[in-house]
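Residue numbers begin at 1 in each chain, while the letters A, B, ... track the order of the sequences.
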Amino acid sequence: MESNKFEKYNPSVIEDKWTFKWEEDGIYEAKNNIKGKENYFALSMFPYPSGNLHIGHWYAFAPADAHARFRRMQGYNVMHPQGFDSFGLPAENAAIENGINPSKWTLENINNFRKEFRSMGTSYDWSREIVTSDPEYYKWNQHFFLEFYNKNLAYRSSGLANWCPKDQTTLANEQVKDGNCERCGTDVLKKELPQWFFRITDYAEELLEMDKINWPEKIKMMQRNWIGKSTGVTIKFNLNEFLIDGYIDTFTTRIDTIFGVTFLVLSPEHKLLKSIVQDNQRDSVYSYIANAGRISEIERTSTERDKTGVFTGAYCINPMNDERVPIYVGDYVLASYGTGAVMGVPAHDERDYSFAEKYGLEIRTVVKPQDKLNNIGKAWIGAGNLINSGNFNGLENNIAKNSIADFIEKNKFGTRTTTYHLRDWLISRQRYWGTPIPIVYCDQCGTVPVPFDQLPVLLPDNVEFNPTGKSPLTLNEEFLYTTCPKCGIEAIRETDTMDTFVDSSWYHFKFMSPDSKDVPFKSKDLKNWAPINQYMGGAEHAVMHLLYSRFFTKALRDLQYVSISEPYTKLFNQGMLIKDHKKISKRSNPLNPDPVIKKYGSDTLRSYLMFLGPWDQGGDWSDSGINGIYRWLNRVWTICISGNKFQIDGDEKKDENLVIFSHKITKKILEDMEVFKFNTAIATMMEYTNYLYKIYEESKISKKLWSESISRLVLHIAPIAPYISEEIWRRIGNNDSVHLQNVPKYDDLYIISEDITLVIQVNGKVRDQIKVSNAIQEDEALRIAGESEKVRKFLVGKTIRKKIYVEGKLVNIVAN
RNA sequence: GCCGAAGUGGCGGAAUGGCAGACGCGAAGGUCUCAAAAACCUUUGAGCUUAGCUCGUGUGGGUUCGACUCCCACCUUCGGCACCA
């Protein structure tokens, strides 16, 4: 046994110690202002407290924390807060299944999460914590709801809503994926219900403006597609023959094909349908409508399904040529888009084509295909010149679009129109665990908003959970019955609660002003912190949370609560962590961090997750790979802790090489950390460790340089592995936390070395490498290259055609 | 069907016009040990007539002195959207 054997790296001891100490010293609590420092708000999308943190959570939060720590060490005054998006279905489902109180269940989970977040080594400022199910928080949801209501940004409307039969609630359009409930995957149905909406469509145009935000192009594209702007013409088809002063509006982007209309199709929900249907068709039309209401959304919108429809017996008039056009009902036409009615142009629209083919309707070509082969057996949707189109014959169809639109507007047949795929945000949920909507219904006064000074409308505690499709709050008489704020007679409350995406639409502002009680946030705080400098989270929120948040910010701006238009200046989306080719999830592919932490410690787990690959592309977990990181941290520990065996004066050449290398790795690491390339930053730290390890074994370096190099290494590691770096930092003689230090510096003077390696190629293949001075000139380089024996070998019997010189890098001799 | 991203050793990945495979895992051999583990050292893309050479970044073409990198076409995988008129 060695007598002077140094202490071994023991993660569990040092990690517990520093978690406690950091908390005690409050080193991560953000001051609103620090002289000479720029504020920096780094935010991870806050979690739903679902039980315990799994490694998927670690993958989302640990690299984000490392980046915030890096910014702090760059000298920013960083705020990196955390909170809990704690309203939502799982709590209520747990209550239904196991009889646990949702509030209790939620608070227990939050306690787990807090504890586990601490053991992750996060630098969160817990003094700003947010819990959305806390009345102190959700009263502001109600407050904003009322402000929206007063500004006509919130309204109640009856109509067909997306209905999830399993979760027993309505859903917003954004929360239906492929016709399934985004949460549970159940087929979504349509249900007629009065529901509350936020008028997000008022902001459709502004939401399309994304030039000023630094977000991944992918997310911007998804939002653009979701908003789905299209421009065209709404044109009226006269119904006088059947309905006095009646007409049907249809929206089209292809007004150039107006002369090709041979039928009209109304959606089964179209409001004029029942007034125009003729007696001999009434039975079949009514049974068709009834049937359309029964089938699920996925079935109805499946592109594979045959187009079906029924003739109504009625006709309308095409204003452009006064032709009589038969009107059908067909469920391939959606009530929710455009006007809920389409003009059928089978020759130039694939859907209309298959409908016409099925029902034997005329297919009239009005745009002549440039390539005649393309007109066989399907619709021609390409460009061409107009035929069969009256005065517009011969025009190129894209030009005709304009001319016909002008003509239509001049003759008042219709108007140019812009439509959007985006629908208003349905926020009513027929569930308990959410923010009560602050509205009272009075027989005398109608819909009455709860006055601001009566907020919050508290969510009652004792409620029967009985998922019947009615909000559980309807069963709580104490909640349900109230008096009208206006006239004082008995009235009932709105019993639906708000979509939990309302909670997360403005939470970032509350972090800036956590103590504000009388107003949601103080303008001074907003001035200090808004907008968020760096937002980090998954791409699954592209058209939900991230869209709602942008809308909310703009609405709050127009209500003069905030002065910014975009909440998140920069956005980074991490990829997905997979294991065995499957997504890691609590149920199907679990990966529990506890045994990993027990065996290796938090630092190793954090570092490994960042080392797996580029954060934005996701990672592939392997149980054996983590060994490498653990070995690395042990090596770091060894070279830093194991005492002073170095000479006062080192070897001059070795010292110089180490200095050069040190500055090089710092440059590389700083560049990589800046843009979230943790994997290559760690690889560089490993290279540096390996280099130092060799020196450590030889012991031939000056003492001063050695200790500088060790410090440099520890400072670089600090954001990635906060515990081991803190422990080493203190042990090598520092009194302040490593996390309050500045990142190491580099100087290009050291990086540009005097010698460079000149690569010499013959016909593009490397044949020699020669060390030369970095001041070398072209003619000198070419001469040296030509003299190389290795190069000459490949030039025998050949004629040199060309010589290429890339400054300071390479010579290529072309010969044949 | 449409839009987007990606495809590199046994594996995760690096290199974005100039030495392909950094860094790590795994594997093989060695040192230490009674032994094992750990640790450390060496080797590790394939092939060949092995001081060296040839081939090699999904497939096929192209641009270039030079291509993983740029252009065209295709294949595969993964995301998103999908009867949006």
Side-chain angles (χ1 to χ4, degrees), chain A residues 8 177-179 216-222 224-226 228-230 232 250-255 257 265 267 298 300-307 330-334 336-345 348-352 354-355 419-422 539-540 542-543 575-576 578 581 608 611-614 616-629 631-632 634-635 638 668 677 679-690 693 697 757-769 790 793-794 801-806 808-815:
Chain A
K8 276 177 118 179
K177 304 269 167 200
D178 286 331
E217 202 45 48
K218 184 176 108 174
I219 304 291
K220 289 187 181 178
M221 193 59 80
M222 283 165 76
R224 262 182 230 120
N225 291 342
W226 186 258
K229 180 178 180 172
S230 58
T250 67
F251 173 75
T252 179
T253 56
R254 289 296 307 276
I255 197 65
T257 64
V265 187
S267 68
I298 13 166
R300 181 163 161 189
T301 58
S302 160
T303 43
E304 267 109 76
R305 196 163 146 264
D306 249 15
K307 313 258 168 302
D331 65 8
Y332 80 93
V333 177
L334 304 175
S336 56
Y337 185 78
T339 60
V342 300
M343 55 182 224
V345 186
H348 305 293
D349 182 284
E350 278 165 27
R351 294 149 304 176
D352 297 344
S354 51
F355 191 83
T419 59
Y420 300 89
H421 168 244
L422 182 71
E540 65 274 17
V543 293
M576 225 191 323
I578 57 165
H581 311 290
Y608 181 52
F611 184 64
L612 284 173
D616 55 346
Q617 277 165 46
D620 192 350
W621 176 277
S622 99
D623 289 324
S624 58
I626 197 167
N627 282 324
I629 294 287
R631 269 178 218 145
W632 169 55
N634 269 291
R635 283 159 71 87
T638 303
K668 171 78 176 144
K677 286 170 83 179
N679 58 328
T680 46
I682 293 173
T684 309
M685 293 174 205
M686 285 173 167
E687 277 186 80
Y688 193 51
T689 310
N690 293 344
Y693 205 96
E697 289 185 323
T757 306
L758 193 67
V759 172
I760 303 167
Q761 300 181 331
V762 177
N763 292 332
K765 285 191 177 135
V766 179
R767 296 305 180 188
D768 202 2
Q769 295 167 41
K790 292 180 187 167
K793 224 169 72 185
F794 289 91
R801 303 288 173 193
K802 206 172 178 181
K803 287 179 180 176
I804 285 141
Y805 176 66
V806 181
K809 272 186 186 166
L810 167 142
V811 172
N812 187 15
I813 298 169
V814 185

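Within the 4.0 angstrom heavy-atom criterion, no nucleotide atom of any strand lies near A:Lys803. Within the nucleic acid shown, A:Gln761 comes within 4.0 Å of at least one base atom, counting heavy atoms only. No engagement by A:Asn763 is indicated, since no non-hydrogen atom pair under 4.0 Å with the nucleic acid exists. A:Phe794 comes within 4.0 angstrom of sugar-phosphate atoms only, judged by non-hydrogen atoms across all strands, and of no base. No contact: A:Asn634 has no heavy atom under 4.0 Å from any strand. Residue contacts for A:Gln769: at a heavy-atom cut-off of 4.0 Å it reaches a base atom on one of the strands shown. Looking at heavy-atom distances under 4.0 Å, A:Ser622 makes no contact with the nucleic acid at all. Contact annotation for A:Val806: base contact, defined as any heavy-atom pair under 4.0 Å involving a base atom.
The side chain of A:Arg635 places no N or O atom within less than 4.0 Å of a non-bridging phosphate oxygen (OP1 or OP2) of B:A38. Of the side-chain N and O atoms in A:Arg631, one or more sit less than 4.0 angstrom from OP1 or OP2 of B:A39. Close to B:A15, at under 4.0 Å from its OP1 or OP2, lies a side-chain N or O of A:Lys677. For the OP1/OP2 pair of B:A85 and a distance below 4.0 Å, the side-chain nitrogens and oxygens of A:Ser230 include at least one atom meeting the criterion. For the OP1/OP2 pair of B:C65 and a distance below 4.0 Å, the side-chain nitrogens and oxygens of A:Lys802 include at least one atom meeting the criterion. An OP1 or OP2 oxygen of B:C55 is reached within less than 4.0 angstrom by a side-chain nitrogen or oxygen of A:Lys765. Residue A:Asn225 places no side-chain N or O under 4.0 Å from the OP1 or OP2 atom of B:C2.
Contact of A:Glu687 with B:C23 (side chain to base): no donor-acceptor pair of N or O atoms is detected under 3.5 Å. Judged by distance alone, with hydrogens and angles left aside, A:Lys307 brings a side-chain donor or acceptor within reach of the base of B:C83, the pair sitting under 3.5 Å.
With both ends at atom C1', the span from B:U77 to B:U59 equals 15 Å, rounded to whole Å. Nucleotides B:U44 and B:G9 are separated by 10 Å at their C1' atoms, to the nearest Å. If you take atom C1' in B:U76 and the same atom in B:U57, they sit 16 Å apart, rounded to whole Å. Of the C1' atoms belonging to B:A73 and B:C23, the separation is 36 Å, rounded to the nearest Å. Spacing between B:G17 and B:G12 at atom C1', rounded to whole Å, works out to 27 Å. Taking the C1' atoms as reference points, B:G18 lies 29 Å from B:C11, given to the whole Å. When the P atom is used for both B:A67 and B:A20, the distance is 11 Å, rounded to whole Å. Atom name C1', nucleotides B:G4 and B:A82: the rounded distance is 14 Å, in whole Å.
More than 90° away from 0 lies the glycosidic angle of B:G79, which makes this nucleotide anti.
The aromatic rings of A:Phe355 and A:Tyr332 sit tilted relative to each other, their planes meeting at an angle between 30° and 60°.
Nearest nucleotide to the side chain of A:Lys793, out of B:C53, B:C81, B:C25: B:C53. Of all nucleotides listed (B:G26, B:C83, B:C81), B:C81 comes nearest to the side chain of A:Lys177. Set against B:G26, B:C19, B:C40, the side chain of A:Glu697 has B:C40 as its closest nucleotide.
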Starting from the C-alpha separation in whole Å, work towards a yes-or-no answer on salt bridge (Lys or Arg N to Asp or Glu O under 4.0 Å) for A:Glu217 and A:Arg224. CA-CA 10 Å; A:Glu217 202 45 48; A:Arg224 262 182 230 120; 3.5 Å; yes
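Both A:Asp349 and A:Ile804 lie near RNA chain B, and the one whose nearest nucleotide falls closer to the 5' end is A:Ile804. In terms of position along RNA chain B, the nucleotide closest to A:Asn679 lies nearer the 5' end than the nucleotide closest to the other residue of the pair A:Asn679 and A:Gly628.
Taking atom CD1 on A:Ile629 and atom P on B:C23, their separation rounds to 14 Å, with Å as the unit.
Put simply, the side chain of A:Asp620 never gets that close to the backbone of A:Leu612: no donor and acceptor are under 3.5 Å apart.
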